[in-house]
2 protein chains.
Amino acid sequence: MPRVTDAYREARRDEIARAALRRLERNGVRDTSIADIVEESGLSTGAIYSHFSNKAELARYVAERFLLPRVDALEAAGRGGELVSPREALRRLLMVMGKEGLSPSLVVQFWGEAMVDPDLRAAMNRTVSQLRASLAAAVTPWAHTRAASADAAAALAAAAARSIAALAQGYIVHVAVFGPREVDEYIASATSVLES
Amino acid sequence: MPRVTDAYREARRDEIARAALRRLERNGVRDTSIADIVEESGLSTGAIYSHFSNKAELARYVAERFLLPRVDALEAAGRGGELVSPREALRRLLMVMGKEGLSPSLVVQFWGEAMVDPDLRAAMNRTVSQLRASLAAAVTPWAHTRAASADAAAALAAAAARSIAALAQGYIVHVAVFGPREVDEYIASATSVLES
DNA sequence: ACCTGAACACCGTTCAAGT
DNA sequence: ACCTGAACACCGTTCAAGT
């Protein structure tokens, strides 16, 4: 298949996904129908089904394409040798999630969907794996100050990345369910519980 | 209305809710239809609609009735004067959630639903308020060892309860998305991130 | 008052027919 | 190859009719 066609296909998929995302952000997963996406995109039902095999695959595409916050700056800091502690990495991740990535409400809805959609679950796990890799890179210089060998440092960075992602996940649900909350205040209060 | 009728109605609602819960635990919220609940309960469509005004109200009833883990033992420990630290209260809460209450998967699905269903959201917030009150009671003796006045102790206990509930929420999503994880290991690794 | 189950409006998906 | 939109199976909900 010629290159232009591939590029065209991808552009079309993206166009549909962006139309879907606008409706999803406004009305949520349950209350966004294919008819809504048809209306929002200006295409026909069949056009959408010629680019995605069903609603679940479209949702998965949206999740993969737009869910991950851009943590490039965070990762660059780590690779540049800056000493970023896990706590500081968590703080920066929560800050960047507030500015980029999907709304916490939609993320929680996608998690709910993932509970009954193995493919979506797999897609979200891949996304989180990428995030963990970025976080591990970010805290690696810090890990070297705490570990004797390079192997031990890598293991420590990976474990820290896993927990940072878990705590970030907790923050997202908390904000989605109870409304906005200051990042620093949240971290401080979680710390005081765990240190008690 | 005579007492027996009220009791009968409530028993019927409970019967329907339990049938619904069995299907929900098996197939999830999205894939449990009214027809499934009709089949599971042995009643008719109309019978269900004569006890719940719609599927959302039934879901809300299930959430209110079965979502909250029984934290009585935890609360009793606090009221009995036992010194339970916030960290220990979190540990006990996570342990009891693993044994009682709904599956993490279903809880996450309900949170997702709550994002587009204000009434369900309100019901879940009420449930969490009760949980927080229990947690605050549990850590009150501890709070008194850390605060100068009774008022300061109450405020400290309330703040701790809020954060314990938030961290528990984080644990639930984490387990739902990535599978079972040891409570103590989770707490230890979250602690090491926040202390770094 | 509670219950039945056929009927209705709407949803996701398919597919013969067009370009 | 991509697209159209009417048709189909299924879903949540209603309601005339039964007890």
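Model, not experiment: these values are computed from the prediction. Letters go in sequence order (proteins before strands), and every chain restarts at 1.
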ask   = Looking at A:R9, does any N or O in its side chain come under 4.0 Å of the phosphate oxygens OP1/OP2 on D:dA1?
value =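 The answer is no; no side-chain N or O of A:R9 sits under 4.0 Å from OP1 or OP2.
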side-chain N/O B:H51 vs C:dA1 OP1/OP2, d < 4.0 Å =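 B:H51 to C:dA1 OP1/OP2: no side-chain N or O under 4.0 Å.
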message = Test: side-chain hydrogen bond (donor to acceptor under 3.5 Å, both in side chains). Region: residues 77-88 of chain A. Which pairs qualify, not counting sequence neighbours?
response =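 Sorted result for residues 77-88 of chain A: A:E75-A:R79, A:E82-A:R92, A:R87-A:T191, A:E88-A:R91, A:E88-A:R92.
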Using distance only, find each side-chain donor-acceptor pair of residues 103-114 of chain B under 3.5 Å and give its atom names and separation, not counting sequence neighbours.
from, atom 1, to, atom 2, distance (Å)
B:S103, OG, B:E25, OE1, 2.9
B:S103, OG, B:L106, N, 3.2
B:S105, OG, B:Q109, NE2, 3.1
B:Q109, OE1, B:V29, N, 2.7
B:Q109, NE2, B:S105, O, 3.4
B:E113, OE1, A:R30, NH1, 3.1

key: With B:D119 via salt bridge (charged side-chain N to carboxylate O under 4.0 Å, His left out) - residues at least two apart   =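 Residues passing salt bridge (charged side-chain N to carboxylate O under 4.0 Å, His left out) with B:D119: B:R60.
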message = For DNA chain D, report each stem as range with range, ordered by first number, or say none. Use Watson-Crick or G-U wobble pairs under 3.5 Å, at least 3 in a row.
response =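 Stems for DNA chain D, defined as runs of 3 or more consecutive pairs: C:4-8 with D:12-16, C:12-16 with D:4-8.
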Value in whole Å for how far the [atom2] atom of [N] lies from [atom1] of [X]:
X	N	atom1	atom2	result
B:F52	C:dC3	CZ	P	12 Å
B:D6	C:dC2	CG	C1'	14 Å
A:E10	D:dA1	CD	P	18 Å
B:Y8	C:dC2	OH	P	8 Å
B:R12	C:dA1	CZ	P	17 Å
B:I48	D:dC15	CD1	P	18 Å

query = Shortest non-hydrogen contact from B:P86 to A:S196?
reply =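 Residues B:P86 and A:S196, closest heavy atoms: CD-OG, 3.2 Å.
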request  = Enumerate the residue pairs fulfilling salt bridge (charged side-chain N to carboxylate O under 4.0 Å, His left out) with a member in residues 147-166 of chain A, sequence neighbours excluded, ordered by first and then second residue.
outcome  =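 Residue pairs passing salt bridge (charged side-chain N to carboxylate O under 4.0 Å, His left out), neighbours aside: A:R162-B:E185.
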request  = Quick one: pull up CG in B:L120 and CD in B:E57 and give me the separation to the nearest 0.5 Å.
outcome  =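 Output value for this atom pair is 11.5 Å.
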For [X], give me all partners under side chain to side chain donor-acceptor pair (under 3.5 Å), at least two apart in sequence or on another chain.
X	value
A:E100	none
B:E10	B:Y61
A:D117	none
A:Y49	none

query = By a strict heavy-atom criterion of less than 4.0 Å, which residues belonging to residues 109-121 of chain A are in contact with DNA chain C?
reply =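 Close to the strand, none.
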key: Passing option when A:H51 is tested against A:L43, A:L58, A:I16 for side-chain contact (heavy atoms from CB on, under 4.5 Å)   =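 Per the side-chain contact (heavy atoms from CB on, under 4.5 Å) rule, the option paired with A:H51 is A:I16, out of A:L43, A:L58, A:I16.
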Show each protein N/O and nucleotides 9-12 of chain D N/O combination with a separation under 3.5 Å, one pair to a line.
from, atom 1, to, atom 2, distance (Å)
D:dG12, OP1, B:K55, NZ, 2.9
D:dG12, OP2, B:I34, N, 2.8

request  = Show your working on salt bridge (charged side-chain N to carboxylate O under 4.0 Å, His left out) between A:R26 and A:E40 and close with a plain yes or no.
outcome  = CA-CA 12 Å; A:R26 201 191 316 160; A:E40 182 76 32; 3.4 Å; yes
query = Quick one: is the NZ or CZ of A:R9 closer than 6.0 Å to the six-membered ring centre of A:F52, and within 45° of its axis?
reply =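 No, a cation-pi geometry is absent between A:R9 and A:F52.
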All N/O contacts under 3.5 Å from nucleotides 5-7 of chain D to the protein, with atom names and distances to one decimal?
from, atom 1, to, atom 2, distance (Å)
D:dG5, O6, A:G46, N, 3.4

